[in-house]
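Working notes for the structure below.
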Amino acid sequence: MRRFSLAPSLLAALLLGATNVGAQWLADPSDWKEAEAPPPPAFELKRLVRFEGPAYSSLQFAVDPATMAIGKDGVVRYVVVITSSSGTVNAMYEGIRCVTGEFKTYARHNPDSGWNKVQNAEWKSVFATSPSQHTLRLAKQGVCTNAAPASSVDAMVRELKNPYFSP
């Protein structure tokens, strides 16, 4: 059983841009249940919308807007495409839970075999130092608003195309 701690919620609120801490922060998080994630959607490189990745990285980060969805469970799921300076393309099917500042990788794409489900995928903090710092950047640049999912996928895409966030 997961123990509730207000500290991560407050940190998420502050870093993801919450202007006030409402009742959602005080609710028992054990009441939340993740919906079953749909299968990874098909993505196309020609539809990608870039976003700023970590400053120390030479990788390019983008999402395919056609893969973005806000689930009834509040999880924003999407396909992120990461391209190296040599042109190598990697894609992952991920979800961000804005209210807690967490992300999960559901599947990784292999150009030869397609999607490979991540076994025992777990929620991890977007604030942790790891190779997945792009999730924090994506959350800040348009996916999350006031520690909740943006109002719509269209709103997310608009923010990603015209970022107000300066990394």
Side-chain angles (χ1 to χ4, degrees), residues 8 11-18 34 37-71 73-167:
L11 182 60
L14 292 171
L15 292 176
L16 295 178
E34 180 179 12
F43 66 95
E44 290 194 29
L45 299 178
K46 65 182 179 184
R47 292 190 301 233
L48 295 179
V49 174
R50 288 187 58 190
F51 64 95
E52 293 295 323
Y56 58 81
S57 177
S58 63
L59 301 172
Q60 292 182 2
F61 299 87
V63 292
D64 179 346
T67 68
M68 298 176 78
I70 304 169
D73 55 4
V75 176
V76 179
R77 293 180 180 87
Y78 54 88
V79 172
V80 62
V81 177
I82 304 169
T83 307
S84 72
S85 56
S86 67
T88 302
V89 175
N90 290 296
M92 294 178 290
Y93 180 42
E94 297 180 331
I96 293 178
R97 190 167 174 226
C98 299
V99 71
T100 59
E102 295 176 301
F103 79 99
K104 181 187 273 191
T105 303
Y106 298 100
R108 291 183 173 83
H109 189 266
N110 180 318
D112 298 325
S113 61
W115 288 107
N116 297 308
K117 184 176 179 180
V118 172
Q119 298 301 316
N120 303 315
E122 294 184 7
W123 289 103
K124 298 177 184 176
S125 173
V126 298
F127 307 110
T129 304
S130 72
S132 299
Q133 284 292 296
H134 67 275
T135 56
L136 176 59
R137 298 295 179 124
L138 181 60
K140 287 176 121 180
Q141 290 177 51
V143 168
C144 300
T145 302
N146 295 330
S151 61
S152 68
V153 170
D154 287 342
M156 290 176 194
V157 173
R158 245 187 336 273
E159 289 296 326
L160 290 170
K161 288 182 176 180
N162 302 298
Y164 60 87
F165 172 75
S166 298

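Numbers for residues simply follow the sequence, beginning at 1.
Remark: the backbone N or O of A128 is paired with a side-chain donor or acceptor of Q133 at under 3.5 angstrom. For Y93 (side chain) and P38 (main-chain N/O), a donor-acceptor pair under 3.5 Å exists by modelled atom type. Between the D73 side chain and the V75 main chain, a donor and an acceptor come within less than 3.5 Å of each other.
When each of T88, V89, L45 is tested with T83 by the rule side-chain contact (heavy atoms from CB on, under 4.5 Å), just one qualifies, namely V89. Under the ring-ring contact (aromatic ring centres under 6.0 Å, His included) rule, H134 has a single partner from F61, Y56, F103, which is F61. Remark: of the listed residues L138, L48, V81, L138 is the sole one forming a side-chain contact (heavy atoms from CB on, under 4.5 Å) with V63.
For Y78, the ring-ring contact (aromatic ring centres under 6.0 Å, His included) test picks out no residue, with sequence neighbours left out. Qualifying side-chain hydrogen bond (donor to acceptor under 3.5 Å, both in side chains) partners for S57, counting only residues two or more places apart in sequence or in other chains: none. Listed by chain and number, the residues in a side-chain hydrogen bond (donor to acceptor under 3.5 Å, both in side chains) with N90 amount to none (sequence neighbours excluded). Qualifying side-chain hydrogen bond (donor to acceptor under 3.5 Å, both in side chains) partners for S113, counting only residues two or more places apart in sequence or in other chains: none. Residues forming a side-chain hydrogen bond (donor to acceptor under 3.5 Å, both in side chains) with R108 (at least two apart in sequence, or on another chain): none. Partners of F43 under the ring-ring contact (aromatic ring centres under 6.0 Å, His included) rule, at least two apart in sequence or in another chain, are H109, W115.
Between V76 and P149, the shortest heavy-atom contact is CG2-CB, 3.7 Å. The two residues A42 and D64 have their closest heavy-atom pair at O-OD2, 4.2 Å. Across all their heavy atoms, A62 and F51 have their closest contact at N-CE2, 3.6 Å. Smallest separation of non-hydrogen atoms from R77 and A37: NE-CB, 3.6 Å. When every heavy atom of D112 is checked against every heavy atom of N110, the shortest pair comes out as N-OD1, 2.7 Å. The minimum heavy-atom distance linking A150 with M156 is given by the pair CB-CG, 3.5 Å.
Expressed to the nearest 0.5 Å, how far CG of L160 lies from CE of M68 amounts to 5.5 Å. Rounding to the nearest 0.5 Å places CD of E44 at 11.0 Å from OG1 of T67. Once rounded to the nearest 0.5 Å, the distance linking NZ of K124 with CD of E94 reads 10.0 Å. S151 OG to E159 CD: the interatomic distance, rounded to the nearest 0.5 Å, is 9.0 Å. Separation of atoms CD1 (I96) and CG (L136) is listed at 8.5 Å; rounding is to 0.5 Å. One finds the NZ atom of K117 at 13.5 Å from the OG1 atom of T105 (value rounded to the nearest 0.5 Å).
Counting heavy atoms from C-beta outward, R97 and E34 have side chains that stay 4.5 Å or more apart.
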